[in-house]
Amino acid sequence: MKIRSILSIAAAGLLLAACQNSGDKAASGLADETAKADSLMYYFGQLRGSEYEQQAMQDTTLDSKTARQEYLKGVQAGLNAVKAGKDAYNNGVFLGMQMAMNMSQFAEDYGVKLSNKAFVRGMREAVMADSVTANPNDLQQNFYRLMGEFNSAREKRDSIASADALVEEASAKKYTKVTDGLYSLSAPADGVKIKDGDKVKLALKITTPDGNQVNAPLPDQITVGKRMAGNPVNDALLTLASGQTGKFMTTAHNLFGQRSAQMGLKQSDVLLFEVTPTVEAPKDAPAAE
């Protein structure tokens with residue numbers, strides 16, 4: 001979509017809203033077209049500003065005065081970058097900004113700084129070629145092959161960092177090792193331990209070591225089994241009896257893997273979880289007398 005189309009759609013939406021808002025005398029009473037346009041963009045700026053405010057409520061890094069000032073500087077730089085009537089140039093600016101943000105995120109995620117020059121060189125050769133010389137399928141295969149190598153390297157680094165952090169924190173808090181990815185502060189099972197194949201209802205709570213609750217989708221039931229070996233919750237349940245509350249320590253890497261970032265966590269972050277399992281009786285089991 002062209003940039004001018006985005007602005008047109010936004011302006012149309014604002015005009016419709018203004019027509020529906022009979023109480024807005026300041027906008028509806030303006031006769032001068034320039035003043036109308038200024039008023040239109042003022043309200044649009046207010047709307048986008050309120051969107052930022054909503055984001056700042058969810059992400060405290062955006063809430064500081066410095067962050068707000070930097071955001072406004074960025075908006076101004078983007079406004080200054082666009083050239084009227086130069087669609088090809090503007091589309092290039094838009095892609096350039098997207099790539100700059102993607103490359104910055106890549107450096108954070110993978111610890112590798114990507115080259116602007118290499119990206120532009122590849123684009124120039126493709127855009128300025130007299131004919132299509134590269135097979136898109138070959139390009140995709142090479143791209144995803146290299147991404148796979150970067151992902152494998154990151155997974156290895158994350159796993160090592162996660163294991164080191166867990167060992168250090170478990171030692172400091174006197175937790176006992178259950179598996180390489182799980183430590184326990186629970187008493188021995190009082191009764192028959194939960195076993196493979198048991199269907200278990202869960203009361204599960206996950207927190208950081210300083211007590212902040214982790215907002216993540218958590219299972220309310222699980223079937224314990226060998227196919228889930230290595231999952232900290234599964235392995236924790238095998239040390240407990242039905243109705244027993246257990247306290248355990250693991251890491252975001254072991255619990256959530258690559259989804260950790262979606263929850264505002266680093267994979268090396270140590271996490272505590274408390275779980276109370278209740279084994280469900282088989283449907284064909286005789287009723288207790």
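All residue numbers in this chain count up from 1 along the given sequence.
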Would the distance check show the side chain of [X] and the main-chain N or O of [Y] forming a donor-acceptor pair, the cut-off being under 3.5 Å?
{"X": "Glu169", "Y": "Thr251", "result": "no"}
{"X": "Ser260", "Y": "Leu265", "result": "no"}
{"X": "Ser39", "Y": "Ala35", "result": "no"}
{"X": "Asp59", "Y": "Gln55", "result": "no"}
{"X": "Asp235", "Y": "Gly230", "result": "yes"}
{"X": "Asp198", "Y": "Val200", "result": "no"}

How far apart are the closest heavy atoms of [X] and [Y], and which atoms are they?
{"X": "Gly191", "Y": "Ala241", "answer": "C-CB, 4.3 Å"}
{"X": "Thr239", "Y": "Lys193", "answer": "O-CE, 4.3 Å"}
{"X": "Ser186", "Y": "Gly246", "answer": "OG-CA, 3.1 Å"}
{"X": "Ala118", "Y": "Ser115", "answer": "N-OG, 3.0 Å"}
{"X": "Ile194", "Y": "Leu237", "answer": "CB-O, 3.4 Å"}
{"X": "Pro209", "Y": "Val270", "answer": "CD-O, 3.1 Å"}

Do [X] and [Y] have side chains that approach each other closer than 4.5 Å (heavy atoms only, starting at C-beta)?
{"X": "Leu255", "Y": "Val233", "result": "yes"}
{"X": "Gln213", "Y": "Lys205", "result": "yes"}
{"X": "Leu240", "Y": "Phe248", "result": "yes"}
{"X": "Thr208", "Y": "Leu272", "result": "no"}
{"X": "Met103", "Y": "Asn116", "result": "yes"}
{"X": "Met263", "Y": "Pro217", "result": "yes"}
{"X": "Val192", "Y": "Val279", "result": "no"}
{"X": "Met123", "Y": "Met128", "result": "no"}

Say you draw a straight line from [atom1] of [X] to [atom2] of [Y]; how long is it, rounded to the nearest 0.5 Å?
{"X": "Glu53", "Y": "Leu62", "atom1": "CD", "atom2": "CG", "value": "10.0 Å"}
{"X": "Thr223", "Y": "Asp196", "atom1": "OG1", "atom2": "CG", "value": "11.0 Å"}
{"X": "Lys173", "Y": "Glu168", "atom1": "NZ", "atom2": "CD", "value": "11.0 Å"}
{"X": "Ser50", "Y": "Gln54", "atom1": "OG", "atom2": "CD", "value": "7.0 Å"}
{"X": "Asn151", "Y": "Met147", "atom1": "CG", "atom2": "CE", "value": "4.5 Å"}
{"X": "Lys247", "Y": "Thr276", "atom1": "NZ", "atom2": "OG1", "value": "10.0 Å"}

Are [X] and [Y] linked, directly or through other ILVMFWY residues, by side chains that come within less than 4.5 angstrom of each other?
{"X": "Met99", "Y": "Leu139", "value": "no"}
{"X": "Leu114", "Y": "Leu95", "value": "yes"}
{"X": "Val178", "Y": "Leu204", "value": "yes"}
{"X": "Tyr144", "Y": "Tyr110", "value": "yes"}
{"X": "Val127", "Y": "Phe119", "value": "yes"}

Qualifying ring pair (Phe, Tyr, Trp, His ring centres under 6.0 Å) pairs with a residue from residues 68-91, counting only residues at least two apart or across chains: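 Ring pair (Phe, Tyr, Trp, His ring centres under 6.0 Å) check on residues 68-91 returns Tyr52-Tyr71.
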message: Looking at Arg145, I want to see if its CZ is surrounded by more than 12 non-hydrogen atoms of other residues, nucleotides or ligands under 6.0 Å.
response: yes
- prompt: Does atom CD of Glu155 have more than 12 heavy-atom neighbours from other groups under 6.0 Å away?
  reply: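 Yes, CD of Glu155 has more than 12 neighbouring heavy atoms, counting only those of other groups under 6.0 Å.
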message: Quiz question: by atom type and distance under 3.5 Å, do the side chains of Gln105 and Asp109 form a donor-acceptor pair?
response: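 Yes, side-chain donor-acceptor contact under 3.5 Å.
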message: Using side-chain contact (heavy atoms from CB on, under 4.5 Å), reason through Thr34 and Asp38 one step at a time and then give a plain yes or no.
response: CA-CA 6 Å; Thr34 300; Asp38 287 347; 4.1 Å; yes
message: So if I apply the side-chain contact (heavy atoms from CB on, under 4.5 Å) rule between Leu166 and each of Lys177, His253, Met249, which one comes out positive?
response: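 Passing option: Met249.
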- request: Provide the full list of salt bridge (Lys or Arg N to Asp or Glu O under 4.0 Å) pairs with a residue in residues 258-274, sequence neighbours left out, each pair given once.
  value: none
- prompt: What do the steps show when you test Asn254 against Leu182 for side-chain contact (heavy atoms from CB on, under 4.5 Å), and what is the final call?
  reply: CA-CA 9 Å; Asn254 296 323; Leu182 180 69; over 6 Å; no
Identify every side-chain donor-acceptor pair in residues 72-81 under 3.5 Å, counting partners at least two apart or on other chains, and give the distances.
| unit_1 | atom_1 | unit_2 | atom_2 | d |
| --- | --- | --- | --- | --- |
| Gln76 | NE2 | Asn80 | OD1 | 3.1 |
| Asn80 | ND2 | Gln76 | O | 3.3 |

message: Set out, in order, the CA-CA distance, both residues' side-chain angles and the distance that settles side-chain contact (heavy atoms from CB on, under 4.5 Å) for Leu202 and Leu218, then state yes or no.
response: CA-CA 9 Å; Leu202 302 178; Leu218 303 177; over 6 Å; no
Full working for side-chain contact (heavy atoms from CB on, under 4.5 Å) between Asn90 and Lys83: CA-CA 7 Å; Asn90 293 336; Lys83 295 182 180 180; 4.2 Å; yes
